[in-house]
Structure formats: C-alpha cells, structure tokens
Protein chains: 2
Amino acid sequence: MDRRPVTLEEVARIAGVSRATVSRVVNGVATVDGELRRVVEKAISSTGYTPNRAARSLVTRRAGAIGLVLPDEGRTVHDPYFGRVVAGVLPVIRPLGVQLVLTTGDHREVVDDLRQNRLDGVILIHTHGADPLPRLLIEADLPVVLAARPVRPMPITYVDVDQAAGGALAADHLVSRGCRRPATITGPLETPAGQDRLRGFREAVAGHGLPEPVVVEGDFSREGGAAAARRLADADVDGVFIASDLMAAGALPVLRDHGRRVPEDVKVVGFDDSSPAVECDPPLTTVRQPVEDMAAEMARLLVQRVERPDRPVSSVVFAPTLVVRRSS
Amino acid sequence: MDRRPVTLEEVARIAGVSRATVSRVVNGVATVDGELRRVVEKAISSTGYTPNRAARSLVTRRAGAIGLVLPDEGRTVHDPYFGRVVAGVLPVIRPLGVQLVLTTGDHREVVDDLRQNRLDGVILIHTHGADPLPRLLIEADLPVVLAARPVRPMPITYVDVDQAAGGALAADHLVSRGCRRPATITGPLETPAGQDRLRGFREAVAGHGLPEPVVVEGDFSREGGAAAARRLADADVDGVFIASDLMAAGALPVLRDHGRRVPEDVKVVGFDDSSPAVECDPPLTTVRQPVEDMAAEMARLLVQRVERPDRPVSSVVFAPTLVVRRSS
DNA sequence: CTGAAAGCGCTTACAG
DNA sequence: CTGAAAGCGCTTACAG
C-alpha cells in the first residue's frame, strides 16, 4: 500500500501537461485554455490530488493558518464565549483551506510565529487596556483583528457589538415592563464596554423621560455583582440593568436575601447570554451578542487583510439582541 | 527594513560552516564537534535564527501540528471541558514547536489532513459509540488518542479517569456523612462512563454493608436529571450520587419542590466539577477529573506515537478526586 | 566528524 | 496560452 500522497507531477503526467499548467488550474488562474482545464480537472479528481501545503508555503511564504490568541491566563479559555468564537471562525476558513491554530498570548511567540510565516495573522480575544500586543503587531504591520474596540483608539481592525445599543435595549425593555425607577450595575468604567453600556442605558432612560438611574460600578465578576447588589438592595428601584450575566448571578441571591423578589419587586436584565444566565434562578433576561457572526466576520476581515495588506483598516459593529426570560 | 527571516544559509556563512552542520546543531545531532557546535550556536543566537517549518515539513513529511477534533455539532465547544483540554495540551506541545490546530469532526477532512501531512496526529474528544472515526483512523494506522475509553474495545490509545473509582469516592463520602439509604441517578448505561460510575458506586456501597442502592437511569442532561429526580423524590433515600453535575443541577430544584432539603434531608454528590456545580444552590459536592493533567498526557502520548509509530499502544487512567461543597 | 549535492513539491517570472 | 527552469529553505544519504 502506497502511503505517499499524489503530487502535482503525477497529475501533470496523467493529464499530459506541464506542472505549471496543473498549478494554474489548481490556483484558478483564468488564462488556462478551457479544454486543457477540463482534462486537468479530471486528472485531479481521478487521483484525489490535494496540494502539499508545506511545498506551497515554502514558495508563497504563506502559512495557510491563522492564530486564535488566548490570554496568558488559562482562565478565559473556560469561558463559553471562546467556544462560540471557534464555532464562528471555522466555517469561514475551512473552505479556504486555512487552519485555525490555538496559541497563548506570549508576545514573543506570537510575533515570531507571524514573522516566520508559521501564522498568517491572528485574532486577539480578551485583550485588556494594558496589553501591549495589539500595538506591537500594528507597529510591525502584522495582520491582526481584535474582538473588541481597543481601550485607546488605534489604527486596528476590530469587530464589536454595539455596546451602547445593548444598554438601550435593556432600558427600553425595563420601561416596557413597567419600571419607573431604574438602576444599573456597570462594568469597570475604564473599559469601553463598561462605559458604552452605561451611556446607552442612561440615554435611553432619559429618552423615556425617567429620572437619572442609580449607578453602581461593578467589575464584571460574580463577587463584584454581589457587592454592588448589597449597595442597591435597599434603594428605591424597580429595575436593574446589570452589565454582565456573571455579575447578575452574584446579585440575584443578594436581592433575594434582602427580601426583594425578582421579577415581582425588581426586574433584572443581564448582558452576554452566557451560561450563568440560564442557570440563575430565575433565568435571566439578557442582552445577547451575536458572537458566532462576529467571529465569522473577524475571520473574513483577517483573511482579507492577509491577502491585501495594503487595504485600509475597517472595523465592523454588530447589533445586539434581547433574550427575554423570567427575571423581567 | 528587511522582512525576510534569517535562513540556515546565512547562519552557516556567519559560522563558517556548511548548511548541513548548522542543521545538525539545530536538530541536536550528537556527532557534531564541541567547538564547532559552540560557534554555530553563537551564530544562531546572534541572528535569532528559527527554522522555517514549511521547508522542514517538506522534507521530513511532518506537519509540526496536531489536531484537536471537535464534534461536528458546535455544541460541545461551549463546554468548559474543552477549555481545560486546551489548557492542558498547550504547555506540552509549545516547547516542542508543535502547533495545536482546531478542526471539526468531518471524517474525510480529518483523514485527509492526516494523510496529506497537514496534521501529524489527532486528539478526539467527545466521541460516541456510533462514531466511525476512531476505527477509521486505527485501520489507516494514523496517530490518534481518545479522551475516553472507547465504547467497544479496540487497539487504540486513550486517556481516561477511573470512573469506577469516582463512583466509589461518592459512595464513601455519602456514607461518611451518615447516609444509610443510598440512591444514584446514572448516566446512560450503554456508555462506559455510565456503567463504570454505577459499578464503582454499587461496589463501594456494598463494601460498607449497606443495602443495594436505588438506581434510576439518566442521560447526562439537565432535563434527564430532573426527570430521574421526580422518580426518586418520594423514595426513602438519604443520599444520592448523580453521575453528572448537569443532571444534578436539574435534580436539585425538583427535590426542593418535593420538600426534600439538601443537604439536611438528602445529601447529593455530582460528577465533573463543571460550572453547574458551582452555580447550583446549594453548590455541589462533586467528583473531579484532572482534565488538564489528562489532556497533557494525551498530548504526550500522541507526540510519542507520532515519533515512534511502532511502539505498542498504551493507555493511561487517572484517579479522580472529591470536591466537597455544601450539598453534602 | 563534515561538506557537496540531491531532492522534498510546489509557484512564478521568463521565453516563446 | 503553455512549458522549461529556477528557486523557496530545509534534511539526509553519501563520500571522504
């Protein structure tokens, strides 16, 4: 049994043409004569030929692979968000013959992999303000796409959800449910997501002619949500927009302990539609990001960037949706 | 600014030796003269040389990459288990210069990737009994490691937790907490995990001189757990081993609705130590698999298999541990 | 122990 | 439009 895969050489011999011609057909070069093309295509399918990517890589200096950079901390890998990103990226790149490589956020390694053509570009998820990697990559002019708007403005391609629109969605929903005395537990206010969700919520509340909402700053963590809820438990509010499901999961038991029933006394809307949203009691109404779609778009933008590095950077912002459950 | 990475050629010129010699030093061939080796090493570090993997791949017929095969269903990607696997594999293969490629379970693609040297081997997680992929890979003699013992015995390398020992751990704990009338909600009894957890639990219960436990078959799902709990709610039992946290999360509200307090009236032990275990009310005592360690071992076994395909297949079984929380 | 040389399987100017 | 040929950057028999 022959373990050696079919090569271009063999296809060429069978089709009675040169290797160059087969190569052109494989790569879809338009100038090949129609009849010849047909002969070659038949030879390809009869042999089951697939190009050897190492050989191709060697001459094109393309890896045929993009990287998904995880934070150094294993922490975020556990996040279901991560799986949704993968589910969005894969269907876009597989048909292109591009592989998805998982890599940790070690800066040297990422830059090295890119420089040495082991990776054609990278998708960065969960970068924080202090992370120097985005700027490093921009300065080296290496293809990169961020999964969120960077903390400080920079000439980089990113894909994000319209955070402010998400806050507004929450406000509109609470109002439609009869809330008149709104409050919010925000994310960390030094992050774009924290700021924008608050701004959107505030503006929509004002748009409904309601009083300025009570604002307590949180930190996106379960404990942070619980702490913020303690400060809110005795306030005169009847609806709370909590800027992450995880914080909401921390807040719910606190509200209950203070005798505030959800949704009867106070309605709650979260953000993310992550697993805590479903596992909470009651299950959370929440703002959902179309993560799979966003990830697919990141993959498309990255591939585009790899193929046409000269193109100007462009970013894309997606609209969030509301998932209604029993907490409101 | 020169974007071209340093090549073997340049290092050889700088060190005043042939390319072959540099190659030998890079690959740790022992026969190189000590002095020469030092000169070459200096040239390497002064230039920051890293081998071009496409070129190397082309001649060695090794991809320098292994695949992590996800189930076709995007479903399981969302599982935190997946992230723990990645966190375990990466530290093992990075130092070896091996990449981790994510791929879906399409059989043709997996076999093709392996045959065409785009992947040196694959790790299969979440395969079920009907999945033909493991057998396909064995028959083609392609390197593969399973994340669990296969449903039907086959000559394949796998890494698993000692499921029976996990069941015994649960039994011992319940008994030590004073339970005398045990019950269990099992996994699907056609799976090895379902069978073994039950067997281990039963044997340990018998070993303590207690009566045969009440057994209700479940299916590892939340709803299945709830359904099984309804059949158990009015039984005369004071301790339940539930073979997955997810089922336990479904069972807990049912028990509560039937007026059975956890842990006062009935103690509960789950399995997996997954996120539902923490998010349950009360949080679950549960059997934990050392997933990161197991994943690291899978990576090691796979790399070994790639390097020495002749070696006999061996598998590894890890011991589970008990995580005690408030449900017991 | 070391080097000259062949060759891995492609792509791509360059002629024609 | 097509082919002959060079070349991508390595590894590895093969001599010496």
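Each chain gets a letter, A, B and so on, in the order the sequences are listed, and its residues count up from 1.
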Apply salt bridge (charged side-chain N to carboxylate O under 4.0 Å, His left out) to [X] and list each qualifying residue two or more places apart in sequence or on a separate chain.
| X | answer |
| --- | --- |
| A:E9 | A:R19 |
| A:R37 | none |
| B:R300 | B:E297 |

Nucleotide of [options] approaching [X] most closely (side-chain heavy atoms):
| X | options | answer |
| --- | --- | --- |
| A:L36 | D:dT11, D:dG3, D:dT2 | D:dT2 |
| B:D33 | C:dC1, D:dT11, D:dT2 | C:dC1 |
| B:T31 | C:dC1, C:dT12, D:dC10 | C:dC1 |

Rounding to a whole Å, what distance do you find between [X]:[atom1] and [N]:[atom2]?
| X | N | atom1 | atom2 | answer |
| --- | --- | --- | --- | --- |
| A:Y49 | C:dG9 | OH | C1' | 7 Å |
| A:L8 | C:dT12 | CG | C1' | 13 Å |
| A:E9 | D:dG3 | CD | P | 13 Å |
| B:R53 | D:dC10 | CZ | P | 13 Å |
| A:R62 | C:dC10 | CZ | C1' | 15 Å |
| A:R13 | D:dG3 | CZ | C1' | 17 Å |
| A:I44 | C:dC10 | CD1 | C1' | 13 Å |

Taking only residues two or more places apart in sequence or in another chain, which ones pass side chain to side chain contact (heavy atoms under 4.5 Å, CB included) with [X]?
| X | result |
| --- | --- |
| B:D131 | B:H107, B:T127, B:H128, B:L133, B:P134 |
| A:V39 | A:A15, A:E35 |
| B:R311 | B:Q304, B:R308 |

Give me the distances for all protein-to-nucleotides 13-16 of chain C N/O pairs that come in under 3.5 Å?
unit_1	atom_1	unit_2	atom_2	d
C:dA13	N6	A:R24	NH2	3.3

Enumerate the protein-to-nucleotides 6-8 of chain C contacts in which both atoms are nitrogen or oxygen and the separation is below 3.5 Å.
unit_1	atom_1	unit_2	atom_2	d
C:dA6	N6	B:R19	NH2	3.4
C:dC8	O3'	B:R61	NH2	2.9

Could you tell me whether the phosphate oxygens of [N], OP1 or OP2, come under 4.0 Å of any side-chain nitrogen or oxygen in [X]?
| X | N | value |
| --- | --- | --- |
| A:S18 | D:dA4 | no |
| A:T60 | C:dT11 | no |
| A:T21 | D:dG3 | yes |

Exercise. Does any non-hydrogen side-chain atom of B:I66 lie less than 4.5 Å from one of B:L100?
Worked result: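 In short, these two side chains touch, coming nearer than 4.5 Å.
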Exercise. Quick one: are A:L102 and A:F82 in side-chain contact, heavy atoms under 4.5 Å?
Worked result: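 Heavy-atom side-chain distance check passes, below 4.5 Å.
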Donor-acceptor pairs are to be reported for all side-chain atoms of residues 90-99 of chain A against protein atoms at under 3.5 Å, with residues two or more places apart or in another chain.
unit_1	atom_1	unit_2	atom_2	d
A:R94	NE	B:E109	OE1	3.4
A:R94	NH1	B:T103	OG1	3.2
A:R94	NH2	B:E109	OE1	2.9
A:Q99	NE2	B:R118	O	3.3

For this session: Find the distance between CD (B:E41) and CG (B:L36) and round it off to the nearest 0.5 Å.
Result: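 Reported to 0.5 Å precision, the distance equals 10.5 Å.
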Exercise. Can you pull the side-chain hydrogen bond (donor to acceptor under 3.5 Å, both in side chains) pairs that have at least one residue in residues 23-33 of chain A, sequence neighbours excluded?
Worked result: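 Pairs touching residues 23-33 of chain A that pass the test: A:S23-A:N27, A:N27-A:R56.
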Just distance, no hydrogens or angles: give the donor-acceptor pairs under 3.5 Å from side chains in residues 145-161 of chain A, sequence neighbours left out.
unit_1	atom_1	unit_2	atom_2	d
A:R149	NH2	A:D196	OD1	3.4
A:R149	NH2	A:D196	OD2	2.6
A:D160	OD1	A:Q163	NE2	3.1
A:D160	OD2	A:R149	N	3.0

For this session: Specify the residue among B:V26 and A:V17 whose closest nucleotide of DNA chain D lies further upstream toward the 5′ end.
Result: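 The residue whose closest nucleotide sits nearer the 5' end is A:V17.
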Exercise. Name the stems with DNA chain C in them: runs of three or more consecutive Watson-Crick or G-U pairs, distances under 3.5 Å?
Worked result: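 Runs of three or more consecutive pairs: C:1-3 with D:14-16, C:5-12 with D:5-12, C:14-16 with D:1-3.
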